[in-house]
Each structure stands twice: as C-alpha cells, then as structure tokens.
Engineer: 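Can you read through this structure? Questions will come right after.
In what follows, every chain begins at residue 1, and chains take the letters A, B, ... in the order their sequences are listed.
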Number of protein chains: 2
Amino acid sequence: MAVATAVVFVVDDDPSVRKSLTRVIAAAGYAVETFVSAREFQERAPVTGPCCLVLDVRMPGVTGMDLQKTLAQAVHQIPVVFITGHGDVAMSVAAMKAGAVDFLTKPFASRDLLGAIQRAVERDTRNLGTEARTEEIQARVKTLTPRERQVFTLVVAGMLNKQIAAELGVVEKTVKVHRARVMDKMRAGSVAELVRLAADVGVIVTRA
Amino acid sequence: MAVATAVVFVVDDDPSVRKSLTRVIAAAGYAVETFVSAREFQERAPVTGPCCLVLDVRMPGVTGMDLQKTLAQAVHQIPVVFITGHGDVAMSVAAMKAGAVDFLTKPFASRDLLGAIQRAVERDTRNLGTEARTEEIQARVKTLTPRERQVFTLVVAGMLNKQIAAELGVVEKTVKVHRARVMDKMRAGSVAELVRLAADVGVIVTRA
DNA sequence: GGCGCTATTGGACCTTGGGGGCACTCGGGC
DNA sequence: GCCCGAGTGCCCCCAAGGTCCAATAGCGCC
C-alpha cells in the first residue's frame with residue numbers, strides 16, 4: 001500500500017509516542033523522521049519527494065495548529081494528519097477546515113492512522129505533480145518579453161492576428177513574429193496546447 | 001451580508017430548536033424552510049436558487065450524517081452546516097471529511113452559525129454557477145453527431161485537419177465540414193474558445 | 001415501396017488566416 | 001560599438017473556412 005519513497009514526518013514532544021508511531025509507520029514501509037517540536041521541524045531542510053506530516057495538536061511552544069497555519073502560507077502544502085490525546089470538537093473542526101487530512105483521537109487503531117497517512121501521501125503526490133507542471137510552465141512564461149506576453153494573452157483569448165495588431169497598434173507582421181516566438185518559448189505545438197498551458201497558470205481571458 | 005434570495009433549510013426534530021433557528025436565520029435576511037426529518041426534506045421539490053442546509057446530526061430515523069451521504073450522491077451538492085447537542089470528535093471529523101462546511105456544537109453563538117451559513121451559501125452560489133455552465137456546454141456536446149464528436153476531440157488535441165483526416169480515414173475536406181459544424185454547434189468563435197469549452201466538460205486529450 | 005430527413009462523405013474553387021525566411025530599422029542598455 | 005527587444009516590408013507556402021454541388025446510407029413515415 002505504501003508508496004516506497006514517501007517520507008512521514010512525526011512531530012510530537014512525547015518520546016514514547018514518537019517511538020511507537022515510528023515503529024508502526026516504518027512497518028508500513030514509509031521512511032520516518034521525528035521531531036520534538038514544531039520549531040525543530042521547520043528548521044529541517046526543505047522536502048523534495050512525496051511526504052506528509054503527523055502532528056500532535058498540543059505541544060509546548062508552537063502548537064500543531066500553529067504549525068498547520070504556518071505551513072498553509074508556504075508554496076508547497078504538506079498534508080497534515082493530526083493526532084491528539086484530548087481533542088475537542090471545535091479544535092477538530094478548525095483543523096479540518098484548515099485542510100487537515102484527518103484528526104485522530106488517542107487511542108486510535110494503527111489501521112486508521114495508516115489509512116490517513118496513505119490518503120495524505122496520495123494527496124501530496126498529486127499536488128507535487130501539478131505544482132511541478134505549474135512551475136515548469138511559469139518558468140517558460142518568465143522567458144517571454146513584455147510584448148510577447150501581451151501577444152500570448154491575446155492569442156489565448158482567441159483573437160486573430162489582425163485583431164491583435166489593431167489592439168496593440170502594430171502591423172500584422174509584427175504580431176506574427178511575436179506569436180511565433182511565444183509558440184517557441186512556451187513549447188506549444190498548437191494553439192490548443194497553448195491555451196491549455198495558459199489555463200494551468202491561470203492566464204486571465206478578456207472576452208472569448 | 002446575506003444573499004437576498006438564498007434559502008436556508010433547517011432539518012431538526014426538535015420544534016423549539018427549529019423555532020429559534022428560524023428566528024435567528026430569518027433575522028439575517030435569509031428565507032427559511034424547516035423540516036422535522038430528513039425524509040420530509042427529501043420529499044421537498046428540488047431546489048432552484050442558492051441555498052444551504054442546517055442539519056441536526058442526531059435525529060430519529062435517518063440521521064443527519066445519513067442525509068449528508070445521500071445528498072453527496074446527487075448532482076447538485078447542497079452545502080451542509082451541522083449542529084449537534086452531543087457531538088464527538090470522530091463524528092465531526094467524519095462530517096468534515098464528507099464535505100460539511102462547518103460542525104457546530106450547542107450551545108453556539110448566533111454569529112458562528114450565521115458565519116457558517118454565509119460561507120455555505122457562497123459555496124453553493126459558486127457551485128451553481130459552474131454547474132450551470134457545465135450543463136450548458138454538455139447540452140451543446142449532446143447535439144454533436146458521433147463523427148463530429150470525434151473531430152471535436154481531435155481538434156481540441158491540437159491536430160491539423162490533414163492529421164485528423166488520416167486518423168479517421170477520410171479526406172481533409174470532410175474534416176473541414178465536420179469541424180465547421182462543431183464550431184457552430186458548440187458556439188465557439190475560435191479554437192481557443194473551443195479548447196476552454198472542452199476543458200470545462202473534461203474532454204480527455206490524447207497527446208498534445 | 002417511395003419520400004424526406006440526417007449523417008457522412010467528397011470534389012472543385014476561392015478567400016482568408018497563420019507561419020517562416022530574409023533584410024532592414026530603431027532605440028536602450030552595457 | 002554591440003546585443004536585444006521591437007517593429008516592418010516582401011514573398012511564399014500551407015492551413016482553415018466557406019460556397020456550390022453531389023452522392024450514399026440509414027431511418028422513420030405515409
């Protein structure tokens with residue numbers, strides 16, 4: 001079930017909990033890294049592969065919920081599975097609204113924890129895929145000159161070269177030159193492909 | 001704050017709760033309809049405008065959670081706000097995982113309830129918008145003949161007429177005829193627009 | 001069986017639109 | 001002075017779109 005290379009980060013101030021969690025999670029085939037505090041986790045080198053976070057809600061200093069909020073600001077949203085000894089409904093609802101994958105109350109079955117971790121890792125794997133694609137496309141957009149970016153937008157809007165030319169106050173030939181460069185730099189083989197690339201980085205379409 | 005035409009459905013078996021909820025919600029400017037059971041709610045005529053559901057978790061017969069699961073099967077997902085007297089963490093987490101907007105434990109502040117309702121109605125309004133658009137596009141797709149649908153897919157994939165012709169084993173002229181009909185029936189003024197329409201109804205792109 | 005309609009196909013011909021090549025200009029910035 | 005972004009003109013080819021026309025097959029209706 002477990003994705004071979006996935007890493008599970010465990011943050012809990014209780015050494016015995018860390019130990020038992022590590023045993024259970026590692027037995028399911030995940031790599032495990034433990035941290036005694038939210039701060040320690042944040043000082044870790046940034047993640048590269050698919051991962052998820054198993055987080056105790058109550059901890060001295062920065063709490064699990066605090067860490068969740070902080071991570072939500074980051075570019076890459078690491079899926080969080082909460083575990084807690086004394087959780088209340090309000091807390092669990094707040095965590096779930098903030099995007100937590102699950103919220104488990106001790107004592108919980110290993111099966112439930114591993115199920116939550118699996119869902120979390122799957123979510124992260126999906127996110128990594130779409131993020132990688134989006135970043136790749138945005139990198140291409142960055143190579144466009146300002147003028148090329150304008151032409152890009154208008155082509156994606158479905159306008160003809162002559163319409164774009166009128167819009168920008170240049171002749172059609174000039175538009176063609178920019179357009180060709182856009183197709184080249186964006187590595188799009190067709191207008192259809194270009195439109196999809198634009199959609200993935202959220203280019204605003206003014207009029208269809 | 002309240003959207004003028006939004007309807008809030010209240011399902012609770014306790015008459016006094018229904019009464020007090022109605023008073024609070026109506027005072028915020030919403031239209032309110034109450035039901036004594038999940039069954040009664042389901043027998044109601046289908047909703048038309050933006051709405052949301054305020055649901056008691058525990059009720060004799062079909063519970064709030066049961067109703068949520070049933071509604072999740074439907075085409076239009078009505079946002080649910082749960083309220084309960086004796087909720088536990090497991091229950092609230094299950095409800096949130098199933099897509100509930102909020103999960104409030106009695107006693108709760110009117111402000112919290114109205115906040116949840118507002119978020120729920122906003123979500124429903126958005127959903128209605130995208131659903132309406134998707135249905136409209138799908139209706140257009142339905143008017144396409146089988147052959148036109150094939151051409152539609154291949155055009156959206158970015159293929160040239162001659163490539164499409166080879167793929168379908170016909171001459172280019174035939175493809176042009178179908179293609180023109182597709183643009184007409186889908187009411188697309190450009191390939192760019194056609195690609196966006198296809199994306200919204202989830203047309204699978206084979207190779208870019 | 002014949003008639004009409006639709007889907008699909010196809011040919012000939014013409015116009016418009018998109019894509020490239022090549023040469024040249026012009027203004028900024030280093 | 002050189003490089004780059006931007007703009008342009010000319011020429012040519014190919015792709016897309018549209019017109020007029022025509023043929024074939026399947027299906028429902030009288």
Side-chain angles (χ1 to χ4, degrees), chain A residues 137-199 201 203-208, chain B residues 137-199 201 203-208:
Chain A
I137 299 171
Q138 262 162 351
R140 294 183 198 172
V141 172
K142 280 205 190 78
T143 69
L144 298 179
T145 67
R147 206 51 159 170
E148 283 164 359
R149 220 159 297 181
Q150 290 180 309
V151 173
F152 174 46
T153 308
L154 298 173
V155 167
V156 168
M159 289 171 72
L160 299 177
N161 284 343
K162 66 165 62 171
Q163 294 174 314
I164 298 173
E167 184 84 16
L168 300 180
V170 295
V171 260
E172 200 179 327
K173 170 66 198 180
T174 308
V175 175
K176 287 189 181 185
V177 173
H178 290 314
R179 183 176 183 146
R181 279 204 232 293
V182 169
M183 296 299 285
D184 185 45
K185 288 185 178 178
M186 296 300 295
R187 282 178 242 171
S190 61
V191 180
E193 212 178 327
L194 192 72
V195 172
R196 270 190 293 275
L197 292 172
V201 292
V203 170
I204 298 93
V205 178
T206 340
R207 300 174 304 143
Chain B
I137 299 171
Q138 260 161 351
R140 292 182 199 172
V141 172
K142 280 206 189 77
T143 69
L144 298 178
T145 67
R147 207 53 159 171
E148 284 164 0
R149 221 160 297 179
Q150 290 180 309
V151 173
F152 174 47
T153 309
L154 298 173
V155 168
V156 168
M159 289 170 71
L160 299 178
N161 284 344
K162 67 165 61 173
Q163 294 174 312
I164 299 173
E167 183 85 14
L168 300 180
V170 294
V171 279
E172 200 179 328
K173 169 66 196 178
T174 306
V175 174
K176 287 189 182 183
V177 174
H178 290 315
R179 183 176 183 144
R181 277 201 231 289
V182 168
M183 296 298 285
D184 185 45
K185 288 185 178 179
M186 295 301 295
R187 282 179 240 170
S190 62
V191 180
E193 211 178 328
L194 193 71
V195 171
R196 271 189 293 275
L197 291 172
V201 292
V203 169
I204 299 93
V205 179
T206 339
R207 302 172 303 144

Engineer: Donor-acceptor pairs under 3.5 Å, side chain of residues 169-180 of chain B to any protein atom, not counting sequence neighbours: which ones?
Structural biologist:
residue	atom	partner	partner atom	Å
B:Arg179	NH1	B:Asn161	OD1	2.6

Engineer: For the helix from C:dG1-D:dC30 to C:dC30-D:dG1, how many degrees between its two end axes (five pairs per end), to the nearest 10°?
Structural biologist: 30°
Engineer: In whole Å, I'd like the distance from the CE atom of A:Met159 to the C1' atom of C:dG18.
Structural biologist: 16 Å
Engineer: How long is the line joining CG of B:Leu194 and P of D:dA16, in whole Å?
Structural biologist: 13 Å
Engineer: Let me know the distance between NZ of A:Lys162 and P of C:dT15, rounded to the nearest Å.
Structural biologist: 14 Å
Engineer: Measure CG/B:Leu168 against P/C:dG10 and give the value in whole Å, please.
Structural biologist: 10 Å
Engineer: Taking the side chain as everything from C-beta on, heavy atoms only, tell me whether B:Arg181 gets closer than 4.5 Å to B:Leu144.
Structural biologist: no
Engineer: side-chain contact (heavy atoms from CB on, under 4.5 Å) for B:Arg140 and B:Lys185? Distances and angles first, verdict last.
Structural biologist: CA-CA 6 Å; B:Arg140 292 182 199 172; B:Lys185 288 185 178 179; over 6 Å; no
Engineer: Rounded to whole angstroms, how far apart are CZ on A:Arg147 and P on C:dG28?
Structural biologist: 15 Å
Engineer: Rounded to the nearest Å, what distance is computed from the NZ atom of residue A:Lys185 to the P atom of nucleotide C:dG19?
Structural biologist: 17 Å
Engineer: Could you state the CD-C1' distance from A:Gln150 to D:dG7, rounded to the nearest angstrom?
Structural biologist: 14 Å
Engineer: Go through residues 169-183 of chain A and report each residue with a non-hydrogen atom lying under 4.0 Å from DNA chain C, sorted by number.
Structural biologist: A:Lys173, A:Lys176, A:Arg179, A:Ala180
Engineer: Any non-hydrogen side-chain atom of A:Arg196 less than 4.5 Å from a side-chain atom of B:Val156?
Structural biologist: yes
Engineer: In whole angstrom, give the distance that lies between atom CD of A:Gln163 and atom P of C:dT16.
Structural biologist: 15 Å
Engineer: A:Asn161 side chain N/O closer than 4.0 Å to the phosphate oxygens (OP1, OP2) of C:dG17?
Structural biologist: no
